[in-house]
Trainee: 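The structure's right below; bear with me while I get my questions together.
Scope of the values below: all heavy atoms of this structure, side chains included, with no hydrogens, waters or symmetry mates.
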Amino acid sequence: MNAVPQRVHDAVARAREVTDHPVLEHLARVGLVAYGVLHLLIGWLAFRIAWFVEPGTEDADQTGALQAVSESPGGRVLLWGIGLGLFALALWQAGEVLRWWSGLLRPDHRLRTGIVCTKCAAKTVVYAALGVTALFFAVGAGYQADERFQEMTDGAMEIPGGSALVVAVGLGVAAVGLYQLVRGVTGKFMRDIDGDDIPAHWERRLERLGSVGYVAKGIAFTVSGGLLVYAAVTRDVSTATGLDGAMNAIGGVPTGRWLLTAVAVGFMAFGVYALVRARYPDRDPAT
């Protein structure tokens with residue numbers, strides 16, 4: 001091995017010592033708990049929109065869930081824990097990229113490794129973004145994700161080729177939604193659970209919860225991506241409101257109250273799945 005690859009290999013090895021540290025794993029479990037709680041809260045907010053409040057008066061997304069935490073007794077302190085836990089979860093997930101990167105150097109493993117590393121990198125970005133948002137609320141800074149998303153979309157469409165870029169992003173979000181739907185239907189999400197440790201009588205129940213949760217998330221993200229594409233085609237950024245807009249759009253169709261209730265239950269089911277995953281996580285996403 002020549003000097004440059006050796007230095008890269010040594011740097012990755014040192015980074016893995018951090019991401020594989022037991023302390024980080026315990027902190028990542030806190031992040032998984034926080035992730036589960038956020039989905040429980042999103043489900044509750046969606047349920048409220050379906051039955052108790054006027055559509056558009058509450059945010060049924062991550063920022064709405066964090067706002068609910070901030071307004072509870074001791075919420076600011078809890079938000080610090082959520083934010084730091086999500087950052088630890090992002091680092092822990094980034095460790096998967098470090099565990100698999102060497103496969104990119106082997107042609108016969110390059111495709112599989114590239115898919116795994118891309119998925120892990122995407123999860124790292126999501127967890128880190130949620131961590132940043134939680135810390136925004138922890139320090140008392142207001143943040144409206146849907147308004148910011150609209151501003152970014154509007155700005156993007158003002159540049160040459162911006163509408164095509166927004167369409168591409170919308171299709172990407174919809175693809176993520178379809179991917180989650182497939183995971184929910186096929187049960188492949190159970191690969192994220194350490195099946196050797198979980199009791200057998202809980203495994204089947206957990207798979208049912210996860211299936212409902214992933215299907216609900218898949219529907220919501222597919223709708224969200226579709227609304228973004230619609231915003232680009234019509235040049236009306238009012239529909240580009242992310243997850244919250246998708247929830248309100250689902251609630252606004254005929255029989256939408258019941259559809260939104262089903263999605264809300266699904267998000268709560270995913271929250272329970274994430275809480276159990278915190279107890280039985282699997283570091284290897286490809287086995």
Side-chain angles (χ1 to χ4, degrees), residues 38-39 42 45-46 49 54-67 90 93 97 111 114-115 117-134 136-137 141-185 214-256 259-260 263-264 266-267:
L38 287 180
H39 280 80
I42 291 171
L45 291 171
I49 290 174
E54 289 293 325
T57 58
E58 287 189 350
D59 293 334
D61 58 8
Q62 294 89 343
T63 57
L66 292 170
Q67 181 68 41
Q93 190 65 49
V97 179
L111 178 60
I115 293 173
C117 289
T118 299
K119 287 164 54 179
C120 294
K123 289 180 181 180
T124 299
V125 172
V126 170
Y127 295 143
L130 288 175
V132 169
T133 306
F136 266 121
F137 281 95
Y143 183 82
Q144 290 292 329
D146 53 351
E147 295 178 4
R148 179 60 177 159
F149 196 56
Q150 286 179 339
E151 293 173 1
M152 292 174 61
T153 303
D154 191 30
M157 289 196 297
E158 294 299 322
I159 65 176
S163 295
L165 176 61
V166 173
V167 168
V169 172
L171 292 175
V173 173
V176 170
L178 292 174
Y179 169 73
Q180 297 204 51
L181 271 171
V182 171
R183 278 173 66 85
V185 172
Y214 269 100
V215 168
K217 289 188 66 176
I219 292 172
F221 276 94
T222 301
V223 172
S224 180
L227 291 174
L228 190 55
V229 172
Y230 181 81
V233 172
T234 62
R235 301 192 68 83
D236 179 10
V237 297
S238 64
T239 64
T241 51
L243 180 59
D244 176 58
M247 294 292 197
N248 282 283
I250 292 170
V253 302
T255 69
L259 289 174
L260 187 55
V263 171
F267 268 77

Trainee: Where is the tightest heavy-atom contact between Ala90 and Ala128, given as atom of each residue plus distance?
Mentor: CB-N, 3.8 Å

Trainee: With no hydrogens and no angle check, is any side-chain donor or acceptor of Thr133 less than 3.5 Å from a backbone partner on Ala129?
Mentor: yes

Trainee: In the structure I gave you, are the side-chain heavy atoms of Leu45 and Ile49 within less than 4.5 Å of one another anywhere?
Mentor: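 Answer no - side chains too far apart.
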
Trainee: Search all heavy atoms of Met247 against all heavy atoms of Ile42 and return the closest pair with its distance.
Mentor: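 That would be CE-CG2, 3.9 Å.
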
Trainee: Could you report the tightest heavy-atom contact between Ala220 and Ala246, atom names first, then the distance?
Mentor: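 Heavy atoms of Ala220 and Ala246 come nearest at O-CB, 3.4 Å.
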
Trainee: Which residues pass the side chain to side chain contact (heavy atoms under 4.5 Å, CB included) test with Val215, sequence neighbours left out?
Mentor: Leu181, Val185, Ile219

Trainee: For residues 159-180, which side-chain N or O atoms pair as donor and acceptor with protein atoms under 3.5 Å away, sequence neighbours left out?
Mentor:
residue : atom : partner : partner atom : Å
Ser163  : OG   : Arg235  : NH1          : 2.7
Tyr179  : OH   : Lys119  : NZ           : 3.3
Tyr179  : OH   : Arg183  : NH1          : 3.4

Trainee: For the OG1 atom of Thr222 and the CG atom of Leu227, what is their distance to the nearest 0.5 Å?
Mentor: 11.0 Å

Trainee: What pair of heavy atoms forms the shortest contact from Ile250 to Leu259, and how long is it?
Mentor: CG2-CB, 3.9 Å

